[in-house]
Amino acid sequence: MTLFLPILLFGFGVLFLWAPGRCTKAFLRGAGDGLAACANLFPTLLLFVCAVSLFRASGAVALLTEWLSGICGVLRIPAELLPLMLTRPISGSASTAVLSDLLRTCGPDSTVGMMASVLCGASETVLYVLSVYAAGIPVTGTRHLIPAALLTCFFVTVLSVTVAQMMGGALC
């Protein structure tokens, strides 16, 4: 297995020497298409980076956590998970920082730590994925994507809490 990558690179080198015209053209066409895709995605990604930075810096996460703590009590979701639940759909790096803080505070073997780990492993950064996959699609064709993706995040959260509660563990 350790020789797979060198063998693969050697094989591509032999292929380029064997058919230099076709391989070079295909490589350059693929590189050009990839660069064009990056150029098309850049404005959308820049918008989301700015929006996430504003969301985090404004203190909206703390405010939403305070407002939603009562609902989470009814759903048996620990209040410690709220910052993770709010940042996970928006920013992967922010949710990783929240997860790290939760694991440091509560411990990786605690119920909250297990819930947070399952939640991060089972969910995706919704807005980033939608910005990548929906680039170039007319806005009218994507109007149901965000509500459906956020509803899926909610179900993944409830499922991760349920699975971690079934597995047990000490409470934080």
Side-chain angles (χ1 to χ4, degrees), residues 33-172:
D33 291 345
L35 189 59
C38 287
N40 288 335
L41 287 176
F42 182 75
T44 307
L45 293 176
L46 182 63
L47 171 72
F48 280 117
V49 165
C50 291
V52 167
S53 297
L54 286 173
F55 184 70
R56 289 173 55 197
S58 70
V61 174
L63 186 62
L64 284 172
T65 299
E66 184 179 320
W67 286 351
L68 296 175
S69 61
I71 295 171
C72 286
V74 172
L75 295 174
R76 296 180 25 161
I77 298 173
E80 294 91 350
L81 282 181
L82 278 171
L84 181 63
M85 291 168 43
L86 293 172
T87 56
R88 184 65 184 159
I90 297 170
S91 171
S93 60
S95 63
T96 302
V98 171
L99 173 66
S100 175
D101 186 47
L102 277 173
L103 293 178
R104 189 178 325 107
T105 304
C106 299
D109 293 330
S110 68
T111 303
V112 172
M114 284 191 279
M115 289 176 186
S117 298
V118 172
L119 176 61
C120 281
S123 62
E124 184 57 77
T125 307
V126 172
L127 296 181
Y128 171 76
V129 170
L130 290 180
S131 70
V132 170
Y133 289 128
I137 298 174
V139 174
T140 57
T142 62
R143 66 178 175 203
H144 300 295
L145 286 177
I146 292 178
L150 292 176
L151 186 64
T152 302
C153 272
F154 173 74
F155 285 123
V156 165
T157 301
V158 171
L159 185 63
S160 67
V161 167
T162 304
V163 167
Q165 285 174 345
M166 288 179 0
M167 292 174 65
L171 289 175
C172 178

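The figures here come from the full heavy-atom set of this structure, side chains too, leaving out hydrogens, waters and symmetry mates. Only a predicted model underlies this, so the values are computations on that prediction, with no experimental measurement involved.
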Q | Over all atoms of both residues, closest heavy-atom pair of Ile77 and Met85 | A | CG2-SD, 3.7 Å
Q) Rounded to the nearest 0.5 Å, what separation is found between the CG atom of Leu119 and the CG atom of Leu99? A) 8.5 Å
(Q) Restricting to side-chain contact (heavy atoms from CB on, under 4.5 Å), what partner residues turn up for Phe155, sequence neighbours left out? (A) Leu151
Q: List the atom of Leu84, the atom of Cys120, and the distance in Å for their closest heavy-atom pair.
A: CD1-SG, 3.6 Å
Q) Does Ser95 have any side-chain hydrogen bond (donor to acceptor under 3.5 Å, both in side chains) partners at least two apart in sequence or in another chain, and if so, which? A) Arg88
Q) Quick one: does Pro78's side chain get under 4.5 Å of Thr111's, heavy atoms only? A) no
Q | Side chain proximity check, Ser117 to Leu103, heavy atoms < 4.5 angstrom | A | yes
**Q.** CA sep, side-chain torsions, deciding dist, call: Thr105, Glu80, side chain to side chain contact (heavy atoms under 4.5 Å, CB included)
**A.** CA-CA 10 Å; Thr105 304; Glu80 294 91 350; over 6 Å; no
Q. Taking only residues two or more places apart in sequence, or in another chain, which ones meet Thr96 in a side-chain contact (heavy atoms from CB on, under 4.5 Å)?
A. none
Q: Any chance you could lay out the side chain to side chain contact (heavy atoms under 4.5 Å, CB included) test for Val118 and Val156, step after step, and finish with the verdict?
A: CA-CA 9 Å; Val118 172; Val156 165; over 6 Å; no
(Q) My understanding is that only residues two or more places apart in sequence, or in another chain, count here; which of them pass side-chain contact (heavy atoms from CB on, under 4.5 Å) with Thr162? (A) Val158, Met166
Q: Check whether any side-chain N or O of Ser110 sits under 3.5 Å from a backbone N or O of Gly107 as a donor-acceptor pair, and report yes or no.
A: yes
Q: State the SG-CE distance between Cys106 and Met114, to the nearest 0.5 angstrom.
A: 11.5 Å
(Q) Under the salt bridge (Lys or Arg N to Asp or Glu O under 4.0 Å) definition, can you give me all pairs with a residue in residues 145-164, not counting sequence neighbours? (A) none
Q: Could you list the residues that satisfy side-chain contact (heavy atoms from CB on, under 4.5 Å) with Ile71, not counting sequence neighbours?
A: Leu68, Leu75
